[in-house]
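Heads up, the thing below is written out as structure tokens.
Every number for a ligand or one of its atoms is a count from 1 in the order of the listing.
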Amino acid sequence: MYKILITHELPGNYINDMKNKIDADILFYDGRKNIRQWLIENIKDADGILITLNDRIDEEIIDNASKLRVISTYSVGYDHIDVNYAKSKSIAVTNTPEVLTDATADLIFGIMMAVSRRIVEGNEIIKNNQWASEWNPYYMLGTEIHGKTLGIIGMGRIGRAILKRAEGFDMETIYYSKHKHDVNINYVDLNYLLKNSDFVIIALDLNNETYHFMDYDKIKLMKSDAYLINGTRGKIINERDLIKALNEKIIKGAALDVFENEPLDPDNPLIKMKNVVLTPHLGSATLETRSKMAEVAVKNLLNVLSGEEPLYKV
Ligand code: GLV
């Protein structure tokens, strides 16, 4: 009989169905201690774990496991897992890409539009009962999306899905990435992209090379009326540098779904900035996508335990 640890309930019936597919003792985090402590105590004889991006799986946790064969993360990102160390112990790491690409690209596009057309600001004005002036030609003017240049940094699945949306909105598109990809738009160097884009969207994974990739010097290359958008991982932007750049009006605004530390500190200066739209890591947050992610995460885990290839292996 296998032992499987699950740190969070997931949408859909996939976890319940596991019981019919495998002879396993399935243990849910019970909320009594902190998750890390619970993992350390229970992972000793576990065969598989199903975790989320909040659950940091490092050497200490892995060293406590003697039978572990699979770490299935309910996320596309795996920066919370020491993948190399897991692999050195012959533990498979699996994730849930593809099923969340479109939802994430929709959200990223949505926050870009929200900041440039001042949608959130407008909503707040009405809800705070501050819509005092009549319609007037200069009231709350924003920045158009169509016809503008979008620079996409990174051209993986999410970068491509953003590109598709941008083409539908008649944007000019350019991209920069470590490697050239087979896409039909101009591959440019990073300086060119930063200097020429009206919108810069970060579509990178977080890893040692991309940590604080966007810093003050790079933001300084952007146009003063450009916007910076991020919906992949917060640590790719040096947030202190971004705050400084926004304070100095080096760029016009930003839209962020991810942050260096989540949840965001209530004292974070970004919160008070009118030219910044913030959402709480909602990229994949639709019932449809989160259910599909559950299906994939469960299947990945079961496949590894039964000796088959998982759907997605890191
Ligand atoms: C979300 O951020 C994910 O990695 O799935």
Could you check whether any side-chain heavy atom of [X] comes within less than 4.5 Å of a side-chain heavy atom of [Y], counting everything from C-beta outward?
X	Y	value
L68	K89	no
I4	I49	no
K252	V115	no
Y192	I174	yes

Side-chain (Y187) to main-chain (S177) donor-acceptor, under 3.5 angstrom: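 Yes; judged by distance alone, with no hydrogens or angles, the pair exists.
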Per-residue contact class, L100 against ligand 1 - non-hydrogen pairs under 4.0 Å: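 For L100, the contact with ligand 1 is made by the side chain alone.
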Under-4.0 Å heavy-atom contact with ligand 1, by part of L53 that carries it: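 Side chain only; the backbone of L53 stays clear of ligand 1.
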Distance-only N or O hit between ligand 1 and R233, under 3.5 Å: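 Yes: some nitrogen or oxygen of R233 is under 3.5 Å from one in ligand 1.
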Sub-4.0 Å atoms of ligand 1 with respect to non-hydrogen atoms of G77: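 Once the distances to G77 are compared, the set is 3 (C), 4 (O).
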Numbering as shown, the atoms of ligand 1 that approach H281 to under 4.0 Å (heavy-atom distance):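 It comes down to these atoms of ligand 1: 1 (C), 2 (O).
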Heavy-atom nearest neighbour in the protein, as seen from atom 5 (O) of ligand 1, with distance rounded to 0.1 Å: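 Atom 5 (O) of ligand 1 sits closest to the protein heavy atom V76 N, 2.8 Å.
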